[in-house]
Amino acid sequence: EKTKSNLFGKITKAVAGKSTVDDEVLDELESILISSDVGLDTTVKIIDRIEQRVRRDKYVTTKELNELLRDEIVQLLAEHNTVDLEDYTLPSAAKPCIILVVGVNGVGKTTTIGKLAHQYKSQGKKVVLGAGDTFRAAAVDQLKIWSERVGCDFYSKGMQADPAAVAFETVQYAIQHNCDVAIIDTAGRLHTKINLMNELSKIRRSVSKSLDGAPHEVLLVLDATTGQNAFEQAKHFTDATDVSALALTKLDGTAKGGVAIGISDQFKVPIKYIGVGEGITQLQIFNKRAFVESLFEGEL
Amino acid sequence: MFDSLSERLEGAFKTLKGESKLTELNIAQSVKEIRRALVAADVNYKIAKEFTDTVKDKALGQENVLNAVKPGQLMVKIVNDELVDLMGGTVTDIDIKGKPAVILIAGLQGSGKTTFSGKLAYHLKGNRRKSPLLVACDVYRPAAINQLSVIGEQINVPVYKEMDNQNPVEIALKGIAHAQAHGHDVVIVDTAGRLSIDEKMMEEISNVKEAIQPNETLFVVDAMTGQDAVNTAKSFNDRINYDGVVLTKLDGDTRGGAALSIKYTVGKPIKFVSMGEKMETLDVFHPDRMASRILGMGDIISFVEKA
Ligand SMILES: Nc1nc2c(ncn2[C@@H]2O[C@H](COP(=O)(O)OP(=O)(O)OP(=O)(O)O)[C@@H](O)[C@H]2O)c(=O)[nH]1
Ligand SMILES: Nc1nc2c(ncn2[C@@H]2O[C@H](COP(=O)(O)OP(=O)(O)OP(=O)(O)O)[C@@H](O)[C@H]2O)c(=O)[nH]1
Ligand SMILES: [Mg+2]
Ligand SMILES: [Mg+2]
């Protein structure tokens, strides 16, 4: 809180009552955004918008500035599909609705699946989790424990099984058992590993073969502590699997996850969920305004 | 990011091309671009500024070096040397003396601690002829103990675990006693991932450290970490005063600017780099390689050749 007001104090002092934004202000703004991992390109974009606004509105008061800053970033997110959800509605009315979860190693895919399943289950939906990570040590066990916590169905072919086959059969299981939703876990993989990315495309195709129109959602999980490399992640996962939504995890830590703004902007993919802890209920629906507020909070 | 980074650097040095010496003006221009490149590589923005200020001073000190070297090359050399210098220092080996030597592993969630614990055990066993014991102190994450057990089986290293014990301090102490009784000369203690602002969990890890008095405490950090690397590295260091840093997931295409930020902030050596999911993908840290990586040295070299 203290740092926040100091920062705004500085910015405000430099900008209030002026019709142009001077370098000092821009430097301050730049440092807030950069230190939240927003990245240079997006920061420049945001600053340009602020400059235009200030020029247009001519005279900016202290109070107006705080709002203006937030507005512009919220606006940027809104322009590119990030519509805050009302609740945990399924991404499609199709039954079963199939969700494929992808991302690099250790970002929180399996945990996010557990949390999301809990939300659907709480709405009385029938959920099955598919253990498509057959590679990482004890990955199947981990997802199984989550399914037990949630109290939902679980489909696995054990470790070392072909993940595309697991994905195919999870969908079949969901059809046969009248599930509302199937969420398929995949092994973490770095986007630079071509073989593993091809495997992911194959998993996706296998889901489509199993059910026409599926997957209804490909959820890319990003870790809020990740810096500019998240752009590369988004690019390659989008190429391989047509990512349709983002989840941003570990926002309960000190990292701000600002890189997600640029990603949402550049790839026109909405940020849907945020992870705020390791517990089953610690998933939230992404709220643009709250997220933007948090960029300007706390220490720099 | 790669393209724009190389373009930026190229742009930076282009301003020096064709000029016969470093001048205040061309130094200032290129320094600004270098700073941007560092930030794009995830170096903390404040550190990038301090770093480039130093570079600037060094470059200004060489204003009078005439045609001997091209100014572009001279600038590259100054930046690179400074970066290697910062990240290098004397690289100390890990301390594995003691009966048994105890190594404590700590870090954020998902950074690669459990995988690294296995890799370190594999390395000590294979290359240093040690007889390691892995101790499973993550009592929180679903299947964490299983994960370590599976890794232990893969590399043929025993794992000490207590399925029903929720107290990491006790498990760690009993693990060490077990190692003594069974002739293991190194104990590697894997712990749960934790956030630096999670007071209860930070208290736990400092209690573990206090109780087991490790020879070596290693902080494991994901090389893809952005600006937050500084906060986390500092908070963990304030609490557990670790001896070294492990950078993981360097097998990707991250520039790894976090390495510079951490070294700059806490001054602790980076002791290992982890470059894959397989057990043999562990390497010691090479400051010069890391410098090239952060700067995109390939780009610079090709530029210098063109110059
Ligand atoms: N603090 C915090 N920790 C989280 C969050 N989401 C996940 N984690 C933790 O991050 C670690 C990794 O989570 P996983 O769900 O296993 O990640 P993953 O992407 O499935 O990992 P791989 O399958 O190994 O690639 C675990 O310790 C989780 O408890 C979050 O929102 N906040
Ligand atoms: N590509 C790559 N993956 C790695 C590396 N190190 C670890 N991983 C993967 O990263 C993910 C997380 O690794 P873990 O060892 O489970 O991480 P952790 O720090 O123990 O996680 P928590 O116990 O949940 O905090 C797993 O999928 C690992 O296989 C590495 O150097 N390269
Ligand atoms: Mg997983
Ligand atoms: Mg672990």
Gln227(B) backbone acceptor or donor facing Asp37(A) side chain under 3.5 Å:
yes

Atom CD of Gln228(A) and atom OG1 of Thr254(B): how far apart are they, to the nearest 0.5 Å?
9.5 Å

Would you kindly say whether Thr254(A) and Asp228(B) are connected by a side-chain donor-acceptor distance under 3.5 Å?
yes

Take atom NZ in Lys268(B); do more than 12 heavy atoms of anything else shown fall under 6.0 Å from it?
yes

OG1 of Thr43(A) to OH of Tyr45(B): how many Å apart, nearest 0.5 Å?
11.5 Å

Can you say whether Lys193(A) sits under 4.5 Å from chain B via the side chain, the backbone, both, or neither, judging by heavy atoms?
side chain

Interatomic distance, Thr226(A) atom OG1 to Asp222(B) atom CG [nearest 0.5 angstrom]
6.0 Å

At a 4.5 Å cut-off on heavy atoms, which part of Val104(A) comes close to chain B: side chain, backbone, both, or neither?
side chain

In residues 138-155 of chain B, which residues are in contact with chain A at a heavy-atom separation under 4.5 Å?
Tyr140(B), Arg141(B), Pro142(B), Ala143(B), Asn146(B), Gln147(B), Val150(B), Ile151(B)

Check whether Glu277(B) gets within reach of chain A through its side chain, its backbone, both or neither, counting any heavy atom under 4.5 Å.
side chain

What pair of heavy atoms forms the shortest contact from Val44(A) to Arg36(B), and how long is it?
CG2-NH2, 4.4 Å

Could you check if a side-chain atom of Met224(B) sits within less than 4.5 angstrom of a side-chain atom of Thr225(A), using non-hydrogen atoms only?
no

Side chain, backbone, both or neither: which part of Glu278(A) has a non-hydrogen atom closer than 4.5 Å to chain B?
side chain

Asp252(A) side chain near Leu195(B) side chain, heavy-atom distance below 4.5 Å
yes

From the list Leu190(A), Thr111(A), Thr249(A), the residue making the most non-hydrogen contacts under 4.5 Å with chain B is Leu190(A)

Under a 4.5 Å cutoff for heavy-atom pairs, which residue among Gly188(A), Ala230(A), Gly227(A) has the most contacts with chain B?
Gly227(A)

Return the option, out of Lys250(A), His191(A), Arg136(A), with the maximum number of heavy-atom pairs under 4.5 Å with chain B.
Arg136(A)

Taking every non-hydrogen pair under 4.5 Å, which of Ser111(B), Gly276(B), Gly252(B) racks up the most with chain A?
Gly252(B)

Asn44(B) portion near chain A, given a 4.5 angstrom heavy-atom threshold
neither

With a cut-off of 6.0 Å (strictly less than), are more than 12 heavy atoms of other residues, nucleotides or ligands near NZ of Lys125(B)?
yes

Applying a strict 4.5 Å limit to non-hydrogen atoms, the region of Thr225(B) in contact with chain A is both

CA sep, side-chain torsions, deciding dist, call: Asn229(A), Asp42(B), side chain to side chain donor-acceptor pair (under 3.5 Å):
CA-CA 8 Å; Asn229(A) 192 249; Asp42(B) 287 326; over 6 Å; no

